[in-house]
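Naming convention: chains lettered A, B, ... in sequence-line order (proteins, then strands); numbering from 1 in each chain. Note: hydrogens, waters and symmetry copies are ignored here, and every other heavy atom, side chains too, is used.
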Amino acid sequence: MSAGALVDLLGSDVLEAAPALLGWTMLVDGVGGVIVEVEAYREDDPASHSFGGPRGRNVVMFGPPGHAYVYRSYGIHWCLNLVCEPEGCGAAVLLRALEPTTGLDEMRRRRDLQDARMLCSGPGRLTQALGVAKAHDGLALDAAPFSFSAPTAAVPVDATERIGITKAVERPWRFVSTGTTFASRGSRASARPRA
DNA sequence: CAGTGGATGCTCT
DNA sequence: GAGCATCCACTGT
């Protein structure tokens, strides 16, 4: 199985683990797809929830790697992170977009939306499509309801600046699968490349 | 097409 | 009381 390989990967430096997560397939209760966009956050990073040490909602980020950190964003959305690096480091990878492959009908029902390109093309969107919420905060990733499988071939990666933050914006810690049309930017009808 | 603003809850000042 | 690791509807070109 890939569960052991996943935990090994997440136990390494978050700047290594984040780009290496692209191409992995993630399912939650059998619904999900291929990871195409992520961002790295860590404790020495003013944009990170873990900046300044373990307090309140961020304590899961300082726990062992291979667990889910779920928080509420802007009072409305849930965002899903994978905790990285050895226990106590406060590093995690934010999942920003998936290419939906499994359970499309379930995702369409949850999102009340047909277009596969829009189902998981943003951190709040993918949690809604996969049914991820506060109940998943702190859960281990190598057990139900999570299921991960490794990519079968190397995935080319672009590194860019992170989205939606106001501090440390210059760090190029957003990683996107080269050429994907399922990322949170470039996936909207208005921003799609012309045919 | 781009730009703006509202919804809504938790953390921190 | 402000500020968010956001999304969507609505406006004006």
Under a 4.0 Å heavy-atom cut-off, which of residues 88-96 of chain A touch DNA chain C?
A:Leu94, A:Arg96
Provide, to the nearest angstrom, the distance between the CZ atom belonging to A:Arg125 and the C1' atom belonging to C:dC8.
8 Å
Report yes if at least one side-chain N or O of A:Thr166 is closer than 4.0 Å to OP1 or OP2 of C:dC4; otherwise report no.
yes
Rounded to whole Å, how long is the line connecting atom NZ of A:Lys134 with atom P of B:dC10?
8 Å
Between C:dA5 and A:Tyr71, counting only base atoms on the nucleotide and side-chain atoms on the residue, is there a donor-acceptor pair under 3.5 Å?
yes
Donor-acceptor pair between A:Arg42 and A:Ser48 side chains, under 3.5 angstrom
no
Touch check for A:Ile76, heavy atoms < 4.0 angstrom, all strands: base, sugar-phosphate only, or nothing?
base
Test item: side-chain donor near acceptor, A:Ser177 and A:Glu37, under 3.5 Å:
no
Would you tell me whether A:Thr181 and A:Arg117 have side-chain atoms, one donor and one acceptor, within less than 3.5 Å of each other?
yes
Taking only N and O in the side chain of A:Arg72, is any of them less than 4.0 Å away from OP1 or OP2 of B:dT8?
no
Assess, by modelled atom type and distance only, whether the side chains of A:Arg57 and A:His49 contain a donor and an acceptor separated by less than 3.5 Å.
yes
Ring-on-base stacking between A:Tyr74 and B:dA7, under 5.5 Å between centres and under 30° between planes: is it there?
no
With a non-hydrogen cut-off below 4.0 angstrom, is A:Gly56 in contact with a base, only sugar-phosphate, or nothing?
nothing
Once you round it to whole Å, what is the distance between C1' of C:dC4 and OH of A:Tyr41?
11 Å
Side chain of A:Arg55 only, heavy atoms from C-beta on: which candidate in B:dC12, C:dA5, C:dC8 is closest?
B:dC12
Watson-Crick or G-U stems of DNA chain B, 3 or more pairs, under 3.5 Å, by first number:
B:1-7 with C:6-12, B:9-12 with C:1-4
Taking for each residue the nucleotide of DNA chain C with the nearest heavy atom, is it A:Gly122 or A:Lys167 whose nucleotide lies nearer the 5' end?
A:Lys167
By the 4.0 Å heavy-atom rule, please label A:Arg111 as base, sugar-phosphate, or nothing.
sugar-phosphate
Here the distance between atom P of C:dC8 and atom CG of A:Leu113, to the nearest Å, is 7 Å
